[in-house]
Each structure stands twice: as structure tokens, then as C-alpha cells.
Amino acid sequence: MSIRLHNTLTRQKDQLDAQPGFDSNNVRMYCCGPTVYDYAHIGNARPVIVFDVLYRLLRHVYGADHVTYVRNITDIDDKINARAAETAKAKGISVEQARVEITTKTAQQYLDDVAALGCLMPNHTPRATEYVAGMIEMIGELIAAGHAYAAEGHVLYDVSSKSDYGKLSRRSLDEMMAGARVEVAPYKKNPMDFVLWKPSDDQTPGWESPWGRGRPGWHIECSVMGGKLLGDTFDIHGGGVDLMFPHHENEIAQSEGCHHGKPLANIWMHNGFLQVEGEKMSKSLGNFITINELLKDWPGEVLRLNMLRTHYRQPIDWTLAGLKESHRTLEHWYNTAAPQAGAVPAAFLDALEDDLNTPKAIAELHQADPAGMAGALHLMGFSVDPAQIALKLSEGVSPAEIEAQIAARTAARKAKNFKESDRIRDELLSKGIVLKDGPTGTTWEVTK
RNA sequence: GGCCACGUGGCGGAGUGGUUACGCAACGGUCUGCAAAACCGUGUACUCCGGUUCAAUUCCGGACGUGGCCUCCA
């Protein structure tokens, strides 16, 4: 079997290796990464984990050296600028200094969080500010090609210049205009035209350009970074469903407009949204959870499994009950899996190759023998190290302390002093430590 | 208002035009000083209403419900 992926462009499962120009020696994937101005939340973690599994699958099938994965970091953006302006004022530094400070710190935090979720580093994690020259160049080409125009210090993409604009999200220009609720800027030829470049005042980060000092629009960075690092056309482009329109639609318009209609990506993948305890996650509801907060209570692997128990295109309801079940399941696997990874079970691989069907794959995992289970866990990005998960969860109680208590309890049991032995067991249980008496002695585990 | 997803047993969650998903929880059992873990056994669900069909949870239509996008939120 070969890898089949649901393609937003065609609204069906398409075979990856049957796409035009597919090269098994050079499989290329791009995913939209974070805008770095604050801690990433659990919703941000979903595409990272999902596409990490895809990356691992591609590496497994085609070889680690034949897959290139790019995930950008957006470090220039008006939300960042707003934060930078506040920080600059508070600290008495320049806005640009503040911007660099905020984005550097937040980007590092993001990479740390994501590593804790068991995600591999992509081959490239380009930052938008490193590609501004390329953006200016592409904007110039778009103007030359008749797809863009300059007006009042802005450069805008002329959506009417591309007849298939809207093909990804399947909207026509007429529909979009009918549904438009946005106030239209006076310098736009068409209400749906979007910004490629906009002017910056002295208090706002900016770069010199043929259209004056300014900064790039949101979409152009991905077109440039994807093109520079992966070529005009690459195999897979991923991101959250919310990015389908306008972000991805506009990326397509820019890249294809610049590359004489050559497709930007063959397969477009979009992961579904996440809710928390049945409600939409929002700051006003107070259920806005960052990855960082969750990592204080749970091993990254539990968060990872919890995410993968739901198919990536389905909505997922993030709940405490779900986390507990994921933890339990992981502990079970870690107790069962062999220390050395064996061959990946065929049924497990088939499930992953069928549009990344992780719930099905997990079901197959339960049926695997210990060696196959370890191989499957490894492929999905789990360490198969029970000590790691136990230690992470047992914060507050040291393993040495637990061992001492176990020794005391063993002595009590030998003396048939079960009252004392049960007291010790209950005391540990109240701290979240569960004891298990096996044929070779007593072991312990952390419960939630 | 326009467009688009989704609705499976107590819970999570695959899948299928007619045969047991799987997991968690629950219950019974083995084991254990008692437990926990492990192992064995027990569960015929598919929002509602029409239609197509020998047969629909699975196909078509409608209703209701939930969520998303259209507003630089993954």
C-alpha cells in the first residue's frame, strides 16, 4: 500500500506517490508554524503533533534522508508589533529591540514545548524576518506579472487577475463579496484584494522597499519561504482548517501568480479544531490552556497520545477524562511493549498510510505483540520508556523515598504485619503512587 | 445572511449495504495476606423523519443539533 491523504483541493483521498512530479528521493512538506508573541496553546499543538506523525511516517517509508519538512516561525506581525510597542514603552527600549526580544524568547519557548510533545525538529524552521528581501522580490514579480498593484504605500494582490482564485476553499469571488462584512479600504480595486506590503510609521518595525518603508502582509512570507526552501511546487502543505481561507488561498494566489501557474502544493491537508470540555476555547471563557501549563501536570507523551486518539480531520474535545484515559493507556503500553522495537505491524502501518488514521492505528497497536508494539510506538513518536513517564508524573515524591517506603512495607509484610504494610501502601496512594506486588518484587506507578 | 464539516453503545473512537471493531469504564472470575497490575469472560450502539433496496448505521432527501470559515484565531 502507499500513502493516501485527504486533499482539500480535490476533497478526496489522493495517492501521494501518484502526484505529478513526485520524487521518492525528495519528498517535501511545508506546514504553517506559529506567530510568536505568546505561549502556544493546546490548539496550536494539534497540527504540530499531527504533521510530526506524518513526517515520521514519510521518513519511515521513504527514508529519513529523503524527506524535507519546513515549518516557519512568523516573527513579524501586527499582534507582535502591538506587544512590542507595550514592552518598548515599559522598558524604554526601541520597538525593534522589543520585537526581537519577544519573538526570540517566544520562539524558543515554542520549540521547547513542542520538543516535550515528542515532535522532531523540522529540517528547516525559517523566520519571516530572514526572508524579507525575498518577499520584496516576489512582490515585484507579482506587480510585473499583472497580479498586484501599488496604492498609497500599500501593495495589493489583484484577485480578479487570477481566474481560479478561491479554488482551495471553493468559494467564488461573487460569494465572497456577497458575504463580505469587512469595511473596504478605499485604495483597493476589489474588496477581496489582500495586502502584500503595507507602510510602517516610525514607531513600527519596517524595511526599506521600492514602495517605501513598510512591512509584509501575512501571506507572502509562506509563499517565499516555501518556494526558497522546497521549490516552486512541493508535495504536501499542511495547517489548521482556519487557515484554509484566506491564508492558504492567498498563498496559492501569490505563488502560482509568480510561478506561471505552477501549483504551489499537490496535496493540501487541514486539521480540525479543538474544544475544551465541550466548549470553544477562548480567553473570555477562561479555558484557554497553554501547552506549557499542561506540561506541568502531564508528560508530553500523554498529551501527544490524547491528540492522536482522534483522527486529525475530526473535531476533538480536549477533556480531563480523556487525558486520564490516555495516561492509563500509555502506562499499559509501556508495561507491555518490548524494550527493543521490532518490525512495525503491517496493519498499523496500513492505518497510518490511509490518511493518517491514528485511531485505527492505535486499535491495531493494542493487538500487536510486544516487539511490534514497541516498533509501532516508536514510529508514532513515543519513547517506550516507562521510567520517563513515571518520573515526570511523580514530582513531589522522590523515587528514593518511594523505594524506602517499599522496603519498610516489604519488611512489615514478611512479619505478617499487614496493618502496617497497608498503611504504607495507602500513604503512598494518597500521594498518587500505586504499588504492585509482582513475582520479582514490588514495583510502583504513578496514578492520576 | 452565504459556504462547509460533523452527529456511532456509560465514555473515547474506527468502520461497513447484510458477519465481533478496538480501547476506557462497569460487572464476574483467576492470581494476591488484602489490593493493584496482568490474564480470562460478559456489552448487538449507530440523532430523528421520509425515500431507494430483498436488506441501511452505511446511499439519497429533509429536519433537528454541534462546530468551523466568511473578521490576519491552529
Side-chain angles (χ1 to χ4, degrees), chain A residues 8 11 31-35 38 40-51 74 77-79 166 169-172 174-183 192 194-195 198 216-221 238-247 249-250 270-275 278-283 288 305-306 308-317 319 321-329 331-333 335-336 347 351 354 357-367 412-414 416-419 421-422 425-426 428-429 433-439 442-445 447:
Chain A
T8 307
R11 309 281 159 129
C31 291
C32 291
T35 300
D38 206 345
H41 58 69
I42 189 62
N44 295 304
R46 191 170 193 190
V48 182
I49 293 171
V50 163
F51 293 108
T74 299
D77 163 274
D78 284 353
K79 283 193 296 292
S169 53
R170 303 225 171 161
R171 301 158 197 240
S172 68
D174 290 346
E175 271 172 21
M176 287 189 259
M177 294 207 268
R181 295 174 179 176
V182 217
E183 204 175 313
M192 300 313 295
F194 59 91
V195 172
K198 52 188 164 186
W218 176 33
H219 318 294
I220 192 74
E221 55 171 277
V241 272
D242 59 313
L243 293 180
M244 194 166 96
F245 188 91
H247 185 54
E249 198 71 71
N250 291 349
H270 291 97
N271 62 270
F273 251 55
L274 174 148
Q275 284 186 278
E279 287 187 308
K280 181 174 176 168
M281 180 166 68
S282 73
K283 281 181 177 162
F288 199 88
L305 176 60
N306 199 239
L308 295 175
R309 291 196 315 153
T310 302
H311 183 85
Y312 76 93
R313 284 192 283 117
Q314 293 286 117
I316 177 171
D317 189 13
T319 63
L323 283 166
K324 284 181 178 172
E325 191 178 326
S326 295
H327 170 241
R328 212 185 165 81
T329 299
E331 227 164 32
H332 173 70
W333 284 343
N335 286 331
T336 310
D354 183 12
N357 193 340
T358 52
K360 178 86 189 306
I362 287 167
E364 298 297 346
L365 188 47
H366 280 285
Q367 311 307 314
R413 288 179 70 210
K414 253 187 182 154
K416 304 262 187 219
N417 184 354
F418 296 123
K419 200 177 168 188
S421 69
D422 287 353
R425 184 170 66 195
D426 291 344
L428 283 173
L429 185 61
I433 308 297
V434 171
L435 297 186
K436 298 189 292 188
D437 298 329
T442 301
T443 57
W444 57 276
E445 229 166 53
T447 184

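Here is how names work: the chains are called A, B, and so on, in the same order as the sequence lines, proteins then strands, and each is numbered from 1. Only a predicted model underlies this, so the values are computations on that prediction, with no experimental measurement involved.
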| task | Please report, rounded to the nearest Å, how far the P atom of C72(B) is from the NE2 atom of H219(A). | result | 9 Å
| For atom P, what is the distance between C46(B) and U58(B), given to the nearest Å? | 11 Å
| remark: Sorted by chain and number, sequence neighbours left out, side-chain contact (heavy atoms from CB on, under 4.5 Å) with P216(A) holds for I76(A), M135(A), W197(A), W207(A), I220(A)
| Heavy-atom side-chain contact between K198(A) and D78(A) under 4.5 Å | yes
| said: What is the distance, to the nearest angstrom, from the CG atom on N335(A) to the P atom on A36(B)? | reply: 16 Å
| said: Rounding to an integer number of angstrom, what distance separates A26(B) and G12(B) when you compare their C1' atoms? | reply: 15 Å
| Heavy-atom pair of closest approach, residues F51(A) and C31(A) | CG-SG, 3.5 Å
| said: Using a 4.0 Å heavy-atom cut-off to protein, can you give one letter per nucleotide of nucleotides 3-8 of chain B, 5' to 3': B if the base is in contact, S if only the sugar-phosphate is, - if neither? | reply: ---S--
| request: Please measure how far the P atom in A25(B) lies from the corresponding atom in U19(B), and state the result in whole Å. | output: 29 Å
| request: Mind running side-chain contact (heavy atoms from CB on, under 4.5 Å) on K436(A) and N335(A) for me, showing each step along the way? | output: CA-CA 12 Å; K436(A) 298 189 292 188; N335(A) 286 331; 3.5 Å; yes
| message | Need one value for K414(A): base, sugar-phosphate or nothing, where a base atom within 4.0 Å counts as base even if backbone is also close, heavy atoms only. | response | nothing
| request: Using the C1' atoms only, state how far G9(B) lies from G2(B), rounded to an integer number of Å. | output: 37 Å
| request: Starting from the C-alpha separation in whole Å, work towards a yes-or-no answer on side-chain contact (heavy atoms from CB on, under 4.5 Å) for D354(A) and K360(A). | output: CA-CA 10 Å; D354(A) 183 12; K360(A) 178 86 189 306; over 6 Å; no
| said: I'd like to check the side-chain hydrogen bond (donor to acceptor under 3.5 Å, both in side chains) partners of D437(A); sequence neighbours left out, ordered by chain and number. | reply: R409(A), R413(A), T442(A)
| task | Select base, sugar-phosphate, or nothing to describe what L365(A) touches, counting heavy atoms under 4.0 Å on all strands. | result | nothing
| remark: Comparing nearest nucleotides in RNA chain B, the 5'-proximal residue of the pair C32(A), T336(A) is T336(A)
| message | Using whole Å, what does the distance between atom P of nucleotide C11(B) and atom CG of L323(A) come to? | response | 18 Å
| query | Listed by chain and number, what are the side-chain contact (heavy atoms from CB on, under 4.5 Å) partners of N417(A), not counting sequence neighbours? | reply | A412(A), K419(A), E420(A)
| Atom CH2 of W444(A) to atom P of A37(B): distance rounded to whole Å? | 17 Å
| query | How many angstroms lie between OG1 in T74(A) and CH2 in W218(A), if you round to the nearest 0.5 Å? | reply | 8.5 Å
| OP1, OP2 of G13(B) versus side-chain N and O of N357(A): anything below 4.0 Å? | no
| field | Rounded C1' spacing from U66(B) to A38(B) in Å | value | 40 Å
| message | Classify H247(A) by what it touches in the nucleic acid, base, sugar-phosphate, or nothing, heavy-atom distance under 4.0 Å. | response | nothing
| In whole angstrom, what separates Y312(A)'s OH from G13(B)'s C1'? | 17 Å
| Ring geometry between H219(A) and F194(A) (parallel below 30°, tilted from 30 to 60°, perpendicular above 60°) | perpendicular
| query | F273(A) on top of G68(B)'s base, within under 5.5 Å and under 30°? | reply | no
| Taking atom P of C72(B) as reference, at what distance in whole Å does atom CD of E249(A) sit? | 15 Å
| With sequence neighbours excluded, residues passing side-chain hydrogen bond (donor to acceptor under 3.5 Å, both in side chains) with S169(A) | R171(A), E249(A)
| query | Between G13(B) and C22(B), how far is it from one C1' atom to the other, in whole Å? | reply | 8 Å
| remark: Listing for RNA chain B: consecutive Watson-Crick or G-U pair runs of at least 3, distance cutoff 3.5 Å, ranges ordered by first number, gives B:1-7 with B:64-70, B:10-12 with B:22-24, B:26-30 with B:38-42, B:47-51 with B:59-63
| message | The criterion is side-chain hydrogen bond (donor to acceptor under 3.5 Å, both in side chains); which residues satisfy it with S326(A), sequence neighbours excluded? | response | N306(A), R309(A)
| message | Checking W444(A) against L428(A) for the side-chain contact (heavy atoms from CB on, under 4.5 Å) test, could you report, in this order, the C-alpha distance in whole Å, the side-chain angles of both residues, the deciding distance, and whether it holds? | response | CA-CA 10 Å; W444(A) 57 276; L428(A) 283 173; over 6 Å; no
| query | When you measure from the side chain of D78(A), which nucleotide among C72(B), U71(B), C69(B) comes out closest? | reply | C72(B)
| said: Using a 4.0 Å heavy-atom cut-off, does G43(A) contact any base of the nucleic acid, only the sugar-phosphate backbone, or nothing at all? | reply: base
| field | Chi angles and distances behind the side-chain contact (heavy atoms from CB on, under 4.5 Å) call for V241(A), N271(A) | value | CA-CA 6 Å; V241(A) 272; N271(A) 62 270; over 6 Å; no
| Same-atom distance (P) from C48(B) to A56(B), integer angstrom | 14 Å
| task | Rounded to the nearest angstrom, tell me the gap between atom CE in M281(A) and atom P in A74(B). | result | 9 Å
| P gap between C59(B) and C24(B), integer Å | 30 Å
| note | Each nucleotide of nucleotides 40-48 of chain B classed B (base within 4.0 Å of a protein heavy atom), S (only sugar-phosphate) or -, in 5' to 3' order, makes ---------
| message | Without decimals, in angstroms, what is the distance between L243(A) CG and U71(B) C1'? | response | 14 Å
| request: For each nucleotide in nucleotides 21-35 of chain B, reading 5' to 3', give B when a protein heavy atom comes within less than 4.0 Å of its base, S when such contact involves only the sugar-phosphate, and - otherwise. | output: BSBSS-------BBB
| request: Can you sort out the partners of K280(A) under side-chain hydrogen bond (donor to acceptor under 3.5 Å, both in side chains), two or more places apart, ordered by chain and number? | output: none
| What residues, two or more places apart in sequence or in another chain, satisfy side-chain contact (heavy atoms from CB on, under 4.5 Å) together with V50(A)? | R46(A), Y312(A), L356(A)
| Results of side-chain contact (heavy atoms from CB on, under 4.5 Å) for H41(A) - residues two or more places apart only | N44(A), M281(A), F288(A)
